[in-house]
Amino acid sequence: MRKVIFGGASSLDNYFAREDGSVDWLIMDAEAMELMRGMLDRFDVMIMGRKTWSASMANFSEEELRKAEEMSNGMRSVVFSRTLEPGRSGGYEIVNTDPGEFVRDLKEQDGKDICVMGGGELARELFEAGMIDEVGFNIHPLLLGSGIPIFHRMSRQIDLELLECRPMKNGCVYVLYGVKN
């Protein structure tokens, strides 16, 4: 069965972005890009929440978005939204069904693993539904002090086991955890 991996880049104090959604602090050097390329080969579906999607559209140039699309190599991109009409927007599929049920159906289909990119609110729903199998982050060496949090309040503790920990020359640390059932 396919795995669902929640991840992205974060500050050491567990923020995805500044309060205004900006990610100007991300270290996007060759080493970080190589890590990202290696990770993307694992997936054929990327899902994200509407806020993460909107922030990406606002914070990255057309050239950066084009490069990201090229790196994703035809990956299916799904955006969960309670406010947008379902359908297609550019290369993205907008859905407003229950995320847990949608991802459960995806996991049962043939294919590569599924990436949940950013979106702490969406991740919370998927954790609560028992759909996330792994958690992986490129942790950046800075404290933002405030911003958009990775994790939101959940109804239960989720135990993890360390699968990989890789320090990088740029000061970042990549960690990958498996969700214990």
(request) Among V79, V78, L84, find the residue that satisfies the side-chain contact (heavy atoms from CB on, under 4.5 Å) test when tested with Y92. (result) V79
(request) Hey, could you give me the CD1/CE distance between I47 and M117, rounded to the nearest 0.5 Å? (result) 11.0 Å
(request) Quick one: list whatever passes side-chain hydrogen bond (donor to acceptor under 3.5 Å, both in side chains) with R2, sequence neighbours left out. (result) D44
(message) I'd like to check the side-chain hydrogen bond (donor to acceptor under 3.5 Å, both in side chains) partners of D98; sequence neighbours left out, ordered by chain and number.
(response) none
(message) Could you measure the distance from the CE atom of M33 to the CG atom of L40? Nearest 0.5 Å is fine.
(response) 8.5 Å
(request) Taking ring pair (Phe, Tyr, Trp, His ring centres under 6.0 Å) as the test, write out the residues that go with Y15, two or more places apart. (result) none
(message) Go through it in stages, so that I can follow the logic: the residues are M75 and K112, the test is side chain to side chain contact (heavy atoms under 4.5 Å, CB included), and I'd like the CA-CA distance, side-chain angles, deciding distance and then a yes or no.
(response) CA-CA 10 Å; M75 186 182 307; K112 294 181 178 182; over 6 Å; no
(message) Testing the basics here: between V173 and C165, what is the closest heavy-atom pair and its distance to 0.1 Å?
(response) CG1-SG, 3.8 Å
(request) Apply salt bridge (Lys or Arg N to Asp or Glu O under 4.0 Å) to R18 and list each qualifying residue two or more places apart in sequence or on a separate chain. (result) D24
(message) Restricting to side-chain hydrogen bond (donor to acceptor under 3.5 Å, both in side chains), what partner residues turn up for N14, sequence neighbours left out?
(response) none
(request) Check whether any side-chain heavy atom of N96 sits under 4.5 Å from a side-chain heavy atom of P86, and report yes or no. (result) yes
(message) Going by the rule side-chain hydrogen bond (donor to acceptor under 3.5 Å, both in side chains), which residues pair with D159 if we only count those two or more places apart in sequence or in a different chain?
(response) Q157
Please list, one pair per line, the donor and acceptor atoms closer than 3.5 Å that link side chains of residues 136-155 to other protein atoms, with sequence neighbours excluded.
| from | atom 1 | to | atom 2 | distance (Å) |
| --- | --- | --- | --- | --- |
| H140 | ND1 | N138 | O | 3.1 |
| H140 | NE2 | I27 | N | 3.1 |
| S146 | OG | E19 | OE2 | 2.9 |
| S155 | OG | E128 | OE1 | 2.5 |
| S155 | OG | E128 | OE2 | 3.2 |

(request) List in chain and number order the residues that pass salt bridge (Lys or Arg N to Asp or Glu O under 4.0 Å) with R42, two or more places apart in sequence or in another chain; answer none if no residue qualifies. (result) D113, E134
(message) Just verifying a value: how many Å separate M131 CE and I114 CD1, rounded to the nearest 0.5 Å?
(response) 9.5 Å
(request) For residues 75-96, pull every pair meeting salt bridge (Lys or Arg N to Asp or Glu O under 4.0 Å), keeping only residues two or more places apart or in separate chains. (result) R76-E93, R82-E125
(message) Working to the nearest 0.5 angstrom, can you tell me the gap between R166 CZ and M168 CE?
(response) 7.0 Å
(message) When you compare the side chain of I5 with that of V135, does any pair of heavy atoms fall below 4.5 Å?
(response) no
(message) Going by side-chain hydrogen bond (donor to acceptor under 3.5 Å, both in side chains), name the pairs with one or both residues in residues 168-179, residues two or more places apart or in two chains.
(response) D29-N170
(message) Quick check: is F6 connected to L162 through a chain of hydrophobic side chains (ILVMFWY, heavy atoms under 4.5 Å apart)?
(response) yes
(message) Measuring from atom CD of E121 to atom CZ of F80, what distance do you get when rounded to the nearest 0.5 angstrom?
(response) 14.0 Å
(message) Would you compute the distance between atom CG of L176 and atom CD of E161 and round it to the nearest 0.5 angstrom?
(response) 10.0 Å
(message) Show every side-chain hydrogen bond (donor to acceptor under 3.5 Å, both in side chains) that has at least one partner inside residues 100-111, sequence neighbours left out.
(response) K107-D133
(request) State which residues pass salt bridge (Lys or Arg N to Asp or Glu O under 4.0 Å) with E31; sequence neighbours excluded, sorted by chain then number. (result) none
